[in-house]
**Q** 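Questions regarding the structure given below will be posed in turn.
Keep in mind that the numbers below use all heavy atoms, side chains included, and drop hydrogens, waters and symmetry copies. Order of listing sets the numbers, starting from 1, for every ligand and every atom in it.
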Amino acid sequence: MRIDVITIFPEYLEPLGVSLLGKAQERGLLQVHVHDLREWTTDAHRTVDDTPYGGGPGMVMKPEPWGRALDTVAPPDAVPQPRLIVPTPSGRLFTQEVAIELAKEPWLVFACGRYEGIDRRVIEEAGTRMRVDELSIGDYVLAGGEVAVLVIVEAVGRLLPGVLGNADSVADDSFAPGPMANLLEGPVYTKPANWRGREVPPILLSGHHAQIARWRRDQALRRTAERRPDLIERLDPALLDEHDRAL
Ligand SMILES: Nc1ccc2ncsc2c1
């Protein structure tokens, strides 16, 4: 997968070169190219924003630099065209389902907005030649899209074949399809068996794998019911056995 990121803060994306994603790049599983939007400005001050038409607070990102940047990073004659991802609080919610969908794409371009956002005509014009998805990572205030790009690229990158050492890790994800689908992960333990007088639950030391799996599912169901009742509502009843329903 190729990923291009256009931003006025390229240094914000340096974590994409670290750890899991850094190793994936070294192994050729992922190519990440970060571009400074100011490269496509034409004035001495390298201006990327201006006051909003209609008045109001803050500044809006100018369309001209974005138009030139997208023409260079994603040339109109490129085949196939990339998917353009625009992180924004007014976007569709980014979920594991969306991550799985994006992980199937060969080429993603991310446009990081700042200030009050990007001139709407940039998204409309790009939409005439590539699929554009405006995605939100949640309902809270951020200063721009860069942090969201880090979240989205990590969630997508770890799903790429070969990136995670143990394929099971993806299968065991909280939100991966399967018996633990849409459940929060339960508590985890490692050595020592007794730490500051606190014992590991004996079932986990029993070697009874079926009972351990049952205990883990119970813990996941309980934690999900306590912390995310909205996810319980969305569970497919067909996936709940009578033991689950008795909890
Ligand atoms: N403030 C805010 C909240 C969510 C979000 N998602 C992508 S950019 C963004 C910005």
**Q** Please could you name the atoms of ligand 1 that Val141 approaches to less than 4.0 Å, counting only its heavy atoms?
**A**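 Here the atoms of ligand 1 in question are 1 (N).
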**Q** Check ligand 1 against Ala148 and write out every atom of the ligand that is under 4.0 Å from a heavy-atom position of the residue.
**A**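 Here the atoms of ligand 1 in question are 7 (C), 8 (S).
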**Q** Within a radius of less than 6.0 Å around CZ of Arg114, do more than 12 heavy atoms belonging to other residues, nucleotides or ligands occur?
**A**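 Counting neighbours around CZ of Arg114, more than 12 heavy atoms of other residues, nucleotides or ligands fall under 6.0 Å, so yes.
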**Q** As an exercise, identify every atom of ligand 1 less than 4.0 angstrom from a heavy atom of Tyr140.
**A**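 Selected atoms, number and element: 1 (N), 2 (C), 3 (C).
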**Q** Compute the shortest N/O to N/O distance between Ile137 and ligand 1 and return yes if it is under 3.5 Å, no if not.
**A**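 N/O-N/O distance below 3.5 Å exists for this pair.
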**Q** Kindly check if the number of other-residue, nucleotide or ligand heavy atoms within 6.0 Å of CD (Glu154) is above 12?
**A**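 Result for CD/Glu154: open.
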**Q** Using a strict 4.0 Å cut-off to heavy atoms of Ser136, name the atoms of ligand 1 that fall inside it.
**A**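 Under 4.0 Å from Ser136, ligand 1 has these atoms: 4 (C), 6 (N), 7 (C).
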**Q** Among Gly117, Gly113, Gly138, whose heavy atom sits nearest atom 4 (C) of ligand 1?
**A**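 Of the listed residues, Gly138 has the closest heavy atom.
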**Q** Mind checking the OH-OG1 spacing from Tyr115 to Thr51? Nearest 0.5 Å is all I need.
**A**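 The OG1 atom of Thr51 is 13.0 Å from OH of Tyr115, to the nearest 0.5 Å.
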**Q** Could Arg2 and Glu105 be called an ion pair, given the rule that one side-chain N must be under 4.0 Å from one carboxylate O?
**A**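 No, no charged N to carboxylate O under 4.0 Å.
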**Q** Give a yes/no verdict on whether any heavy atom in Leu135 is under 4.0 Å from an atom of ligand 1.
**A**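 The answer is yes: ligand 1 sits under 4.0 Å from a heavy atom of Leu135.
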**Q** Does this structure show an ion pair linking Asp71 with Arg129, if we count only N-O contacts that are shorter than 4.0 Å?
**A**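 Arg129 and Asp71: salt-bridged.
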**Q** Tell me the nearest of Val147, Thr88, Leu142 to atom 1 (N) of ligand 1, using heavy-atom distances.
**A**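 Ranked by closest heavy atom to atom 1 (N) of ligand 1, first place is Leu142.
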**Q** Can we say Asp244 and Arg222 salt-bridge, meaning some charged N sits less than 4.0 Å from an Asp/Glu carboxylate O?
**A**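 Result for this pair is no, no salt bridge flagged.
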**Q** Looking at Pro87, which atoms of ligand 1 are within less than 4.0 Å of one of its heavy atoms?
**A**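 Those of ligand 1 that fall under 4.0 Å from Pro87 are 7 (C), 8 (S).
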**Q** Which residue supplies the protein heavy atom nearest to atom 10 (C) of ligand 1, what is that atom called, and how far is it?
**A**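 Protein heavy atom with the smallest distance to atom 10 (C) of ligand 1: Pro89 CD, 3.5 Å.
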**Q** Under a 3.5 Å threshold, yes or no: a donor from one side chain and an acceptor from the other, between Glu146 and Thr7?
**A**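 A donor-acceptor contact under 3.5 Å links the two side chains.
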